[in-house]
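Note sheet for the following structure.
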Amino acid sequence: MGACRGIEVKEVTSSYDARAIEGRVQEFWRAADTYAQVKDLRRSGRQFFFVDGPPYTTGNIHLGTAWNKIIKDAILRRHRMCGKNVVERAGYDMHGLPIEVQVEHQLGFTSKKDIETYGIDRFIDRCREFALANMAVMSEQFRALGIWLDFDNPYQTLKKEYIEAAWWTLAQAEKNGMLERGHRVVNWCPRCETAIADSEVEYDDATDPSIYVKFPVKGADDEYLVIWTTTPWTLPANVAVAVHPEIVYALVAARKDGVEERLWIAEALVEEVLRKGRYQDYDVVRTVAGADLAGTAYGSPLADAVPAQKEIDHRVVLADYVALENTGLVHTAPGHGWDDYLTGIKYDLPVLCPVDGTGRFTTRGGAFAGLYVKDPATNRQVMDALGAHLLHEGKITHRYGHCWRCKTPIIFRATEQWFIKVSEIRDTLLEEVGKVTWYPDWAGSARFYDWVRDARDWCISRQRYWGIPIPVWQCDTCDARRVIATVAELEEASGQAVPDPHRPYVDTVTVPCACGGTMHRVSDIFDVWFDSAVASWATLGYPGRTEEFEKYWPADFITEGQDQTRGWFYSQLGASTVAFGRAPYKSVLMHGFALDADGRKMSKSLGNVVAPEEVITAFGVDVLRLYVLSANAPWDDLKFNWEGVKTVNRALNILWNVYRFPLPYMALDHFEPAKGNDGRWDETAVGRTLAAMPDEDRWILSRVNTLAAGVEADFAGLNLHRVTRALVAFVLEDLSRWYLQIVRPRMWLEEDAPEKRYAYETVYYVLRRLVCLLAPFTPHLVEEIYGNLRCEGDPASAHMLDWPTADAALIDTPLETAMAVVRAFDDAVATARQDGKRKLRWPVVEVVVATDAATVREAVARLSALCATRANAKTVTVVAGRWERIGWKAEPVMRVLGPRFGREAPKVKQAIEGADGNALKAALDADGTATVGDCEVTPEMVAFTEELPEGVFAAAMPDATVYVDVTLTPEIEAEGYAREVVRRLQEMRRQRDLKVDENIAAEIVIGDARVAALVRGMTGLIGGEVRARSLAVRDGAALPGAWELTAEWEVEGVPMLMGISRAEN
RNA sequence: GGGCCCGUAGCAUAGUCGGUGGUGCACCCGGCUGAUAACCGGGAGGUCAUGAGUUCGAGCCUCAUCGGGCCCA
């Protein structure tokens, strides 16, 4: 590319080949490190701190992950083009149970014991390897998508620097009194043998027993409280029965097979419960409010099987959550239920939890010791042990929680865990939610707000191995505890070097206590959600480094899927509020989920998963990017649809064609865009020649600036779908289908005419604008185009260009309005011609636009030459009201004539039909009455329809009717045939592979003397169009000369023979 | 069971302030042939999920129901 490099150097001939382009462009970016160059370029710009939500390193990315990163990339690319210094790093979530489960799988482990036998150190090495290997794969996949985040230096939750951010955060929580060690009921996975967070519980249908149990009331014979439960295995832990204070309960005497029992059941539910128990009849003994039942003592029907139950002082307690369902009395086991636990605290009930970490009954479980609670056989044994106390047993299918990684049904267990006391700062959290800008608004104001409002304390401890160790050291002697904030602090306090802050290494580090005892680390690790919760400061190296944190934090923007409402949006808010008292982000875009074409979740088991690579292989990265961004609003779920992908591909193909179409002509003419002294493209040049430019040039210049303004507005609301659709519509509708069609003849001009240069300048301007506007969405295609268009002083990459703002001086709204009218006119003419079976190639004598609308009249007047060209009409005229050649035809209205004229009616009918419609209408309009034959008629007796003259066809357009007269005249026929001949000679030139500027000699023999004469008269025009140095036209049936190429044609039924040869220029 | 979102032609989608429901794909018919393994025009196709309500007027506002999604109990 020499000094005079312009766009003439490369003529692009192939069609849009996304894969080839993307390969070239990615190589170009890699070789020049364009990403780094762009960051350097914007270094001094206004800062924009973005935090990447870290994907979990479990393997290949899926469509949703791709969409997520594409959204991020598009938004960040635009910020950079707007001059912002975008501060970002890719991030990865690399700890946690999901990886442990995968590694256990690889090693064939089934329990924690297997891991400990294998060795925790070896186990976490495997976990680390697994995470790092997956990270490498994922980074490559993201790079292939053209994602510009820092993948060379991503933040990784397993790094020491990152772990310290988590430690420090917990130390802050301790300092602020937000950390608590507590005995709580938690979701517990018996396979993973750990507590799991609410957010890690996945609900699925499960079938469980549905049983009604009689608890014997103490001090009364044959009197029972009837409870219902789906978890028989929790009955050994029962300590109370809860009733609602305001529900009315009935004591009924129920009889079955001659035996009478007295049962307490909510009054409204008596019939239903007794039916289940197959009681034959009953009497209500008395009714009382639930409040009056409080304190009633009862015994456990399992007292024999479970000795621990004998120590319990069972009684009835009150609770508001009791609903009028089942029996209205609720079995309460504080060791196995959240509500139960709270009720237990309220009434100071004992917490009985005879179940161990593996989900088996302990010795406290008496006869059931050693049995796995979720085993159906265990429930069976419990039910059997209930004996006659089991009033009814059935089955129920309901939603039951499962461990989100290993799918094991969870249980509730009361255990010692570490908590962040989120419930105490709920008001602050809600206040912070309100300060954040949410896209869309309801994501924050409704969805997230509701979630935060109902938030419970956050259980952050897990009894596992691969995670950030909880940095709490506790004294064996005095029970004092210390939360360590950094590795350095630990090394100092312990006097030991700590090369790896993971388990098992930190577990052996001890710290001397002030009391003289020794502090050991608690064995738990963090909930993995705590890892990502600290990302916004961990990614800045805080607390290790403070400068960047002080400069950039909090994040200007984050965006993740709607599932992160409970996840990352929340965990970050919680951790940040505990540590810093404020939200760690200023704005959040919540995007949707990627679903299949039927709106179903993509899942391996359904076999409906579409991998990003499938789309990339078939259509390319830019097509995928533009598709996912334009298919729907970011916050709606994406219903993946191959048809939609194809459509986007077609649109980009048209863009490619639009780009490459003018190149050969520009090359031929050595066109060089206007440049400033710095060798950069001078984008202000078109503004200076505007007055001299043709309407269509000024129109497309106006349109592209109007487009820029609209894009700006839509970007502000993150309406990425509207932005991308507007861009595609512009390319298709305005640029390809309209402007380019109009300027094509100007590009073909041979002489150096100003209107040709204007066309070049205009197309160049529009393409340069499009390069910028599309850069965030189709970065590869844009780079390829820009590489060919750029002037020698322009930046090396399209992504170093500044975002274009709309140039008000180029916007001409009245012209845009007028052009819209002309396009409607164009469509109407096409419709009318189709009716009249007259091809566009054949000129028509006259086109008339009948309208009363000033907009239409003015538009056609202003752009009359364009209208005539588009319509291929000798004249285009506008008439107000009706066109005088349109006649009225009078039709009798028999429904009126019949009753009025009786037997005379047929005569009147005939008279009306025979009348001059125009005259009759005029008379009726003028006088309200007229005489036809010898009858007096009034307007309601006659209907008028339009009568088009022979050869005239009409079509409607907004506010106007277009009439096209397709009548043939010798001149028109001559021109029509001439154009038919031209087309065929051009086709032959193309077959001979002639260059656009090569000359030919030609001969045409026509098998119809009249047509031959007509064509002969057009020799000059034909010769000019096809660059013929000589052109002979004769009539006959044989082509005498020797030609390089000959062809037989039939034109409108007339046989023609043509021969062409190359001629010297 | 609860919160939020979505439901518009075969498919996908737009619809701002409540004022005659648009667009793309597919389909049918046609055109163009110097963008050509392209491109363009025309046509047909609607119970705006269902049912009530508010209103002169509802795709839009209200309520209920049904279906889908995310999250929760």
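Chain letters run A, B, ... following the sequence lines, proteins first, then strands; residues in each count from 1.
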Below 3.5 Å is the cut-off: list the nitrogen or oxygen pairs between protein and nucleotides 1-3 of chain B, distance only.
residue	atom	partner	partner atom	Å
B/rG3	O2'	A/D450	OD2	2.2
B/rG3	N2	A/R447	NH2	3.4

Is a salt bridge present between A/R823 and A/D826, judged by a nitrogen-to-oxygen distance below 4.0 Å? no

Evaluate the side chain to side chain contact (heavy atoms under 4.5 Å, CB included) criterion for residues A/L573 and A/F448: first the C-alpha distance (whole Å), next the side-chain angles of each, then the deciding distance (0.1 Å), finally the verdict. CA-CA 11 Å; A/L573 177 69; A/F448 193 55; 3.7 Å; yes

Could you pull out the closest heavy-atom pair between A/G337 and A/V185, with the gap in Å? O-CG2, 3.5 Å

Whole angstrom value for the distance that separates P of B/rC5 from NE2 of A/H591: 19 Å

For A/M957 and B/rG42, give me the distance from atom CE to atom P, rounded to whole Å. 13 Å

B/rA14 and B/rA49, which share atom name P, separated by this distance in whole Å: 14 Å

Name the pairing partner of B/rG21, where a pair is Watson-Crick or G-U wobble with both distances under 3.5 Å, or state none. none

The answer to which of A/D339 and A/E1025 contacts RNA chain B further toward the 5' end, by nearest nucleotide, is A/E1025

Assign A/A631 to base, sugar-phosphate, or nothing according to its heavy-atom contacts below 4.0 angstrom with the strands shown. sugar-phosphate

What's the gap between B/rA9 and B/rG15 when it is taken at their P atoms, as a whole Å value? 15 Å

Checking N1-N3 plus N6-O4 or O6-N4 for Watson-Crick, or N1-O2 and O6-N3 for wobble, each under 3.5 Å, the partner of B/rA26 is none

Can you tell me the pairing partner of B/rC32 across any strand shown, Watson-Crick or G-U wobble, with both distances under 3.5 angstrom? none

Set out, line by line, the N/O atom pairs under 3.5 Å between protein and nucleotides 18-27 of chain B.
residue	atom	partner	partner atom	Å
B/rC25	O3'	A/R650	NH1	3.2
B/rC25	O2'	A/E643	OE1	2.8
B/rA26	OP1	A/R650	NH1	3.2

If you find the nucleotide of RNA chain B closest to A/D826 and the one closest to A/Q562, which residue's nucleotide is nearer the 5' end? A/D826

Expressed as a whole number of Å, how far does the C1' atom of B/rC32 sit from that of B/rG18? 44 Å

Watson-Crick/G-U partner (both atom distances under 3.5 Å) of B/rG51: B/rC63

Gap in Å between the two C1' atoms, one belonging to B/rU55 and one to B/rC63, rounded: 16 Å

Between B/rA38 (P) and A/L732 (CG): distance, integer Å: 15 Å

Whole angstrom is fine here: how far is it from CD in A/Q564 over to P in B/rC4? 21 Å

Rounded C1' spacing from B/rC60 to B/rG7 in Å: 14 Å

Does the side chain of A/R722 get closer than 4.0 angstrom to OP1 or OP2 of B/rG15 through an N or O atom? yes

Does the structure show a Watson-Crick or G-U wobble partner for B/rA44, both distances under 3.5 Å? Name it, or say none. none

If I pick the C1' atom on B/rG59 and the same atom on B/rG51, what distance separates them, to the nearest angstrom? 16 Å

Is the positively charged end of A/R703 above the ring of A/W738, judged by distance under 6.0 angstrom from the centroid and angle within 45° of the axis? no

C1'-based separation of B/rA64 from B/rC29 [nearest Å]: 46 Å

Determine the interatomic distance between C1' on B/rC66 and the same-named atom on B/rA52; round to the nearest Å. 15 Å

Watson-Crick or G-U counterpart of B/rG1, or none if no pair lies under 3.5 Å: B/rC72

Pick base, sugar-phosphate or nothing for A/Q986, based on heavy-atom distances below 4.0 Å to the nucleic acid. base

Main-chain N/O of A/A978 paired with A/R983 side-chain donor or acceptor, under 3.5 Å: no

What does A/D827 touch in the nucleic acid at a heavy-atom separation under 4.0 angstrom: a base, only the sugar-phosphate, or nothing? sugar-phosphate

